[in-house]
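Labels below follow one simple rule: chain letters A, B, ... track the order of the sequence lines, proteins then strands, and each chain is numbered from 1.
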There are 2 protein chains.
Amino acid sequence: MDQVNLKRLAKELNLAVSTVSRALSDSYDISIETKEKVLSLAKKLNYHPNPYARSLRKRNSNTIAIVIPEIANNFFSLAIGGIEEIAQANGYHVLIYLTHENHQKEAAFIRHLMSGRVDGVLMSLSSETDDISHLHELKEYNIPIVFFDRICESINTVKVTTNDYESGYQATKHLIEKGCREIGYLAFSKNLSIDQKRMQGYMDALKDQNIPVNDDFIIHCGNNSEENYSKIKSLLLSERRPDGIFASVEVLAILLYEACKELSLRIPADVKVISFSNLRTASLLDPPLTTITQPAFEIGKQAATALFGALGKTASELRDRKIVLTSTLIERESTRQLTRDKG
Amino acid sequence: MDQVNLKRLAKELNLAVSTVSRALSDSYDISIETKEKVLSLAKKLNYHPNPYARSLRKRNSNTIAIVIPEIANNFFSLAIGGIEEIAQANGYHVLIYLTHENHQKEAAFIRHLMSGRVDGVLMSLSSETDDISHLHELKEYNIPIVFFDRICESINTVKVTTNDYESGYQATKHLIEKGCREIGYLAFSKNLSIDQKRMQGYMDALKDQNIPVNDDFIIHCGNNSEENYSKIKSLLLSERRPDGIFASVEVLAILLYEACKELSLRIPADVKVISFSNLRTASLLDPPLTTITQPAFEIGKQAATALFGALGKTASELRDRKIVLTSTLIERESTRQLTRDKG
DNA sequence: CTGTTAGCGCATTCAG
DNA sequence: CTGAATGCGCTAACAG
């Protein structure tokens with residue numbers, strides 16, 4: 001089947017290519033009759049404008065990129081859903097790039113995006129990233145970027161997060177109020193400001209209650225799940241085992257649960273747990289997991305909305321600002337006692 | 001900053017545009033010296049070829065599309081991860097389109113993709129889709145499509161699934177072996193062949209054990225979570241409550257757990273549950289969920305690999321065939337008794 | 001080994 | 001209201 005393009009339509013209708021083009025874009029100076037003729041033929045021949053020709057000509061792509069560490073993660077899946085919804089509503093296409101927490105890949109993706117493939121970028125930093133020259137370069141190309149969750153503080157743009165410091169403070173305070181005095185913290189990455197803030201909240205909450213910070217209780221995890229698991233086990237097996245643990249990210253809470261199970265430690269009798277998490281099954285866990293839940297979908301939507309707000313504009317409409325959404329502490333009490341009594 | 005393109009490089013080096021182009025693509029008939037000159041200037045000026053100009057010229061996009069119902073779903077997240085890995089390895093870009101189980105959206109996306117925006121499509125059908133004319137149209141445009149999981153039987157192409165019939169049979173047999181005689185089935189969509197097959201496995205397993213199929217035990221769920229929840233509750237409250245339930249998809253298992261909790265029904269004492277599921281926390285649920293786990297990541301990889309195998313080729317290399325991966329029945333026994341004894 | 005020429009399909013100026 | 005001409009940035013055929 002021959003390509004059906006403007007030239008083809010024009011020939012069949014004895015019109016100029018430019019006329020057909022304008023008719024299809026509903027230009028005001030085309031007669032209604034020719035518009036109808038053009039449109040009906042276009043529909044009949046199943047005409048689809050070539051997006052790459054259009055992008056080349058118009059110097060925009062109607063496409064954005066999402067650059068994130070991983071996707072098999074409740075937070076990011078939900079956020080992508082929010083982004084995609086806004087993108088769809090704006091007629092935009094969404095490219096997705098997974099860095100797998102790898103700085104090299106992240107830099108390569110970002111550098112590629114300087115080619116003009118996308119009109120804007122939505123990004124969450126990889127945990128490995130400490131050098132951010134690639135991000136500065138992208139800015140020089142005038143490609144707008146909006147950060148969400150794992151933001152980059154030192155780039156001037158819109159950053160969408162939750163109230164990480166306050167949440168960390170609140171989580172720790174929650175454990176203290178539950179009677180914990182020896183509270184562990186499972187850290188995820190020194191590079192990420194979200195983790196720094198959550199940890200700062202943790203430390204300040206301890207200080208405010210005159211509980212000394214014990215560095216042995218702060219476990220620095222990384223991207224190796226096996227290693228994280230054994231570090232967590234070590235913590236649980238240490239002489240002075242914590243009576244409460246705050247996991248800064250969901251995946252560490254899951255490992256913690258697994259480790260407790262392996263070691264036959266009871267949650268919350270032996271150790272109380274709270275975690276940042278968007279687990280849908282948090283209330284069904286054994287025992288239920290008390291979480292700091294982020295409005296992930298909304299974060300995606302806000303980030304995308306901020307980006308699209310800047311796309312049409314002239315200057316960098318993305319003036320440096322933070323959009324801070326509020327996460328929710330959801331306490332989930334075990335119903336097991338209840339069930340057992342009934343059983 | 002002025003655009004840096006081939007013309008610019010050519011001018012600065014007093015070369016023809018075509019020479020620069022060939023030097024950059026490492027053509028064999030360019031002298032090493034000019035190649036080096038070109039490459040060093042390109043690097044110095046931070047040259048990035050315009051992907052849309054290239055796509056327009058070369059009539060390919062180095063891009064594929066993933067069209068799926070949703071993303072906040074363990075199966076699809078994992079599958080996307082697999083797809084993305086293969087795409088990255090092949091230097092391809094990945095566009096993502098979420099249909100939200102909506103047939104209209106699905107058809108609109110597919111029709112848009114006839115424009116040539118992508119070189120191929122990876123797809124999982126929306127549960128609403130019964131009319132598949134859009135898929136036939138896409139085929140006419142010679143855009144290869146590979147289905148995974150929620151395949152479309154009547155389109156001739158590669159289809160990647162798990163052994164759904166056998167898994168359904170096995171799951172049901174498992175419940176029977178556990179002593180269940182009144183086994184419910186939570187169906188997800190009449191349109192989807194995976195559900196039909198799982199259900200057929202369920203029915204055949206019952207028949208083989210001379211257990212009559214009770215239509216009241218087959219609950220047809222949809223895309224409305226509230227409704228599904230109340231249907232599940234009705235099942236659990238029915239006079240002749242099932243003693244075992246097979247959930248055909250993960251989300252229904254979660255609802256089932258929640259309903260049991262609300263009704264203070266004990267799993268597995270009152271009702272045993274098995275489900276298709278890729279929940280990472282299956283073993284941490286209360287009680288642990290016995291699952292049929294699909295190799296979701298591998299499914300994504302296989303689907304992508306099949307698609308890329310066809311991209312370079314001349315004719316439709318996607319001859320009609322099925323790739324069937326094997327899902328795993330993972331039985332998870334409650335350890336609660338154990339824990340309680342120790343406590 | 002390198003330059004010239006000719007489009008890919010589209011949108012947009014400039015003429016009528 | 002419509003047509004002719006131009007070029008977005010790139011690749012590829014054809015010369016030399």
A.B. asks: Roughly, in whole Å, what's the span from OH in Y28(B) to C1' in dA12(D)?
C.D. replies: 18 Å
A.B. asks: Starting from P on dG9(D), measure out to CG on N60(A) and report it in whole angstrom.
C.D. replies: 14 Å
A.B. asks: Mark yes or no for whether T99(A), through its side chain, and S126(A), through its backbone, hold a donor-acceptor pair below 3.5 Å.
C.D. replies: no
A.B. asks: Calculate the interatomic distance between I30(B) atom CD1 and dA12(D) atom C1'; express it in whole Å.
C.D. replies: 13 Å
A.B. asks: Could you pull out all residues at least two apart from Y92(A) that satisfy ring pair (Phe, Tyr, Trp, His ring centres under 6.0 Å)?
C.D. replies: F308(A)
A.B. asks: By the salt bridge (charged side-chain N to carboxylate O under 4.0 Å, His left out) test, which pairs, at least two apart or in different chains, include something from residues 90-99 of chain B?
C.D. replies: none
A.B. asks: Listed by chain and number, what are the side chain to side chain contact (heavy atoms under 4.5 Å, CB included) partners of A23(B), not counting sequence neighbours?
C.D. replies: I30(B), K35(B), V38(B)
A.B. asks: For K7(A) and S25(A), take the nucleotide of DNA chain C holding the closest heavy atom to each; which residue's nucleotide lies nearer the 5' end?
C.D. replies: K7(A)
A.B. asks: Give me, pair by pair, the N or O atoms of the protein and of nucleotides 3-6 of chain D that are less than 3.5 Å apart, along with how far apart they are.
C.D. replies:
unit_1 : atom_1 : unit_2 : atom_2 : d
dG3(D) : OP2    : A16(A) : N      : 2.9
dG3(D) : OP2    : T19(A) : OG1    : 2.5
dG3(D) : N7     : S18(A) : OG     : 3.4
dG3(D) : N7     : R22(A) : NH2    : 2.8
dG3(D) : O6     : R22(A) : NH1    : 2.8
dG3(D) : O6     : R22(A) : NH2    : 2.9
dA4(D) : N6     : S18(A) : OG     : 3.1

A.B. asks: Taking ring pair (Phe, Tyr, Trp, His ring centres under 6.0 Å) as the definition, give me every residue that meets it alongside H134(A), ordered by chain and number, with sequence neighbours left out.
C.D. replies: H103(A)
A.B. asks: In chain order, what residues pass the side chain to side chain contact (heavy atoms under 4.5 Å, CB included) check against R57(A), with sequence neighbours excluded?
C.D. replies: none
A.B. asks: Quick one: which residue pairs count as a salt bridge (charged side-chain N to carboxylate O under 4.0 Å, His left out) with a foot in residues 95-118 of chain B, not counting sequence neighbours?
C.D. replies: E101(B)-R150(B), R111(B)-E137(B)
A.B. asks: With respect to I132(B), which candidate in N191(B), I155(B), I110(B) satisfies the side-chain contact (heavy atoms from CB on, under 4.5 Å) definition?
C.D. replies: I155(B)
A.B. asks: Restricting to ring pair (Phe, Tyr, Trp, His ring centres under 6.0 Å), what partner residues turn up for Y97(A), sequence neighbours left out?
C.D. replies: F109(A), H93(B)
A.B. asks: With salt bridge (charged side-chain N to carboxylate O under 4.0 Å, His left out) as the rule and sequence neighbours excluded, what pairs involving residues 67-92 of chain A come up?
C.D. replies: E85(A)-K301(A)
A.B. asks: Excluding sequence neighbours, so at least two apart, what forms ring pair (Phe, Tyr, Trp, His ring centres under 6.0 Å) with F147(A)?
C.D. replies: none
A.B. asks: If you walk 5' to 3' along DNA chain C, what is the first nucleotide with an atom under 4.0 Å of a heavy atom in chain B, and what is the last?
C.D. replies: dC1(C) to dG9(C)
A.B. asks: Once you round it to whole Å, what is the distance between C1' of dG7(D) and CG of L6(B)?
C.D. replies: 15 Å
A.B. asks: Could you identify which residues of residues 31-47 of chain A place a heavy atom less than 4.0 Å from some atom of DNA chain D, listed by residue number, or say none?
C.D. replies: S31(A), T34(A)
A.B. asks: If I take atom CG in residue L56(B) and atom P in nucleotide dC8(D), what distance separates them, rounded to the nearest angstrom?
C.D. replies: 13 Å
A.B. asks: Could you tell me the separation between the CZ atom of R54(A) and the C1' atom of dG9(D), rounded to a whole number of Å?
C.D. replies: 18 Å
